Amino acid sequence: MRPGGNRGWLLRLVIAFSFAQGAVSMARPAVSYRALALGADERAVGVIAGVYALLPLFVAVPLGRRTDQGRCAPLLPIGVVLIAGGCALSGIANSLLAMAAWSGVMGLGHLCFVIGAQSIVARQSAPQEQDRNFGHFTIGASLGQLVGPIAAGALIGGPDMAGTSALALLVAGAGAAVAFTSLWRIEHRTPAKSRTPQGKRVPVHRILRTRGVPAGIFISLAVLSATDILTAYLPVIGEHRGIPPSVIGLLLSLRAAATIACRLVITPMLRLLGRAALLTSTCLLAAVLCVGIAVPVPVWALAVILAALGFCLGVGQPLSMTTVVQAAPPDARSTALALRLTGNRLGQVAAPAAAGLVAGVAGVAAPFVMLGALLVVASGLGLRQGRMAVEGEPGEQAGRKSSAPPQRESR
């Protein structure tokens, strides 16, 4: 089947991703609340949030290599099993150490699912469809991020915070298992000759030196770090400002709803502004909004800030995927996407740990100021990429030229 033909596979992938991401988005704040109930302080919450990304940090590139040489779909059910198991076992853990370990299992499952899913989208989308299809694919993540926090907020609360947060984690595990119902006929069968031979692997250092790949990786890292710290630390902000968990869940879901709205209109925004200008402007505005969260404002104002922030953050992930895919060597796209996810996980390890240290020294609002600085750097990289494209240097345009042949191969 040619790229761009029947897109039923994309709909099934979005549905499966919605349940998998919904489970993770429900579990992440539940882990924070359960850790607080078990006696954790702000620094310990940061460490547990960082462990979620630690184990995936070491396996992303090998998984990407394997996917470049074979099928992507087997990673999807493996990911669902690990997500469901990590959520459920976090719910029955009674120590911070055990919670951190099962949080790492959950993160590994999420990585497996995302590498497989992103590689399928890259292979089965024509070059001119990649921005749109990656945008639609990430709607699945946003739907999960919309429903997950609402469900967590509805279940968590009352005097027994440890018990209600454990219940939320068990429900998240059951929700992840529902993703199995959509994992059928997602990947088109590819002929063996289209797979990369073992002896012709593109070295990692060559991929990382390809113009456009490092910028795409850092922009993705900055945007995901903002989303991740927001999910982990908004409950802490709520505890300090007297905002109940149900309201925090609604605020996180409002952010996710704004991200969905952004991705539904990403194609006309691209036509109007172009990829580089859209990335630069949204990262810069997101930086200002992150700093706004650090200011003690009324709940309604915090809701406005989070809605605007969600819209801005919705741009970075799908466009950074396209940037990396189109810039990378044709026979190493899954590895390049895995390197992008490695950067994401590195940010998820370093950013919460740094946020925990900053929060311990300067207060719980300080991590959001740190995120603002990170997003300013990302906006500068987006602007630099735009200048390179205008000057005709290798980057997006070169990536587009080199992307046509492998798309024909992966029918």
Side-chain angles (χ1 to χ4, degrees), residues 10-35 48-49 52-53 56 73 75-93 98-99 101-117 137-158 161-184 186 227-228 230-232 234-235 245-246 248-257 259-260 310 348:
L10 183 58
L11 176 60
R12 290 190 289 276
L13 188 60
V14 169
I15 293 170
F17 195 21
S18 298
F19 282 103
Q21 184 64 56
V24 171
S25 298
M26 184 176 181
R28 298 303 299 283
V31 164
S32 294
Y33 280 118
R34 183 161 172 78
I48 292 172
Y52 168 83
L75 286 177
L76 304 183
I78 293 172
V80 170
V81 168
L82 292 175
I83 291 170
C87 290
L89 291 169
S90 294
I92 62 176
M99 288 192 65
W102 294 123
S103 181
V105 171
M106 188 198 318
L108 179 60
H110 189 260
L111 177 82
C112 290
F113 190 98
V114 172
I115 286 180
F137 164 70
T138 52
I139 286 175
S142 299
L143 285 170
Q145 290 165 356
L146 172 66
V147 175
I150 291 179
L155 291 174
I156 301 170
M161 188 70 75
T164 55
S165 57
L167 175 62
L169 286 164
L170 293 173
V171 172
V178 179
F180 279 115
T181 60
S182 293
L183 296 181
W184 53 276
I186 286 178
T227 304
D228 206 53
L230 187 65
T231 302
L234 202 61
S246 59
I248 292 295
L250 288 172
L251 290 173
L252 288 171
S253 296
L254 177 63
R255 196 276 312 161
T259 298
I260 294 173
Q348 287 182 301

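Along the sequence shown, residues carry numbers from 1. Given the structure is predicted, the values throughout are model-derived calculations rather than measurements. We use all heavy atoms of the structure for the numbers below, so side chains are in, but hydrogens, waters and symmetry mates are not.
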Could you tell me whether the side chain of [X] and the main chain of [Y] form a donor-acceptor pair under 3.5 Å?
X: S165; Y: Y33; value: no
X: R12; Y: W184; value: yes
X: S182; Y: A179; value: no

My understanding is that only residues two or more places apart in sequence, or in another chain, count here; which of them pass side chain to side chain contact (heavy atoms under 4.5 Å, CB included) with [X]?
X: V171; answer: M26, L155, L167
X: A27; answer: C87, M106, L169, A172
X: A93; answer: A98, M99, W102
X: A174; answer: none

With sequence neighbours left out, what residues match [X] under side-chain hydrogen bond (donor to acceptor under 3.5 Å, both in side chains)?
X: T259; result: R255
X: T138; result: R263
X: S90; result: none

Least distance between heavy atoms, [X] atom then [Y] atom:
X: I150; Y: S253; result: CG1-OG, 2.7 Å
X: L183; Y: A16; result: CD2-CB, 3.7 Å
X: L143; Y: S18; result: CD1-OG, 3.6 Å
X: I48; Y: A35; result: CD1-CB, 3.8 Å
X: G109; Y: I83; result: C-CG1, 3.7 Å
X: L10; Y: F137; result: CD1-CB, 4.3 Å

Exercise for the section: Applying ring pair (Phe, Tyr, Trp, His ring centres under 6.0 Å), name anything that partners F113, two or more places apart in sequence or on another chain. Expected result: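 F113 satisfies ring pair (Phe, Tyr, Trp, His ring centres under 6.0 Å) with F17 only.
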Problem - Atom pair OG/CG of S32 and L234 - distance to nearest 0.5 Å - result: 10.5 Å
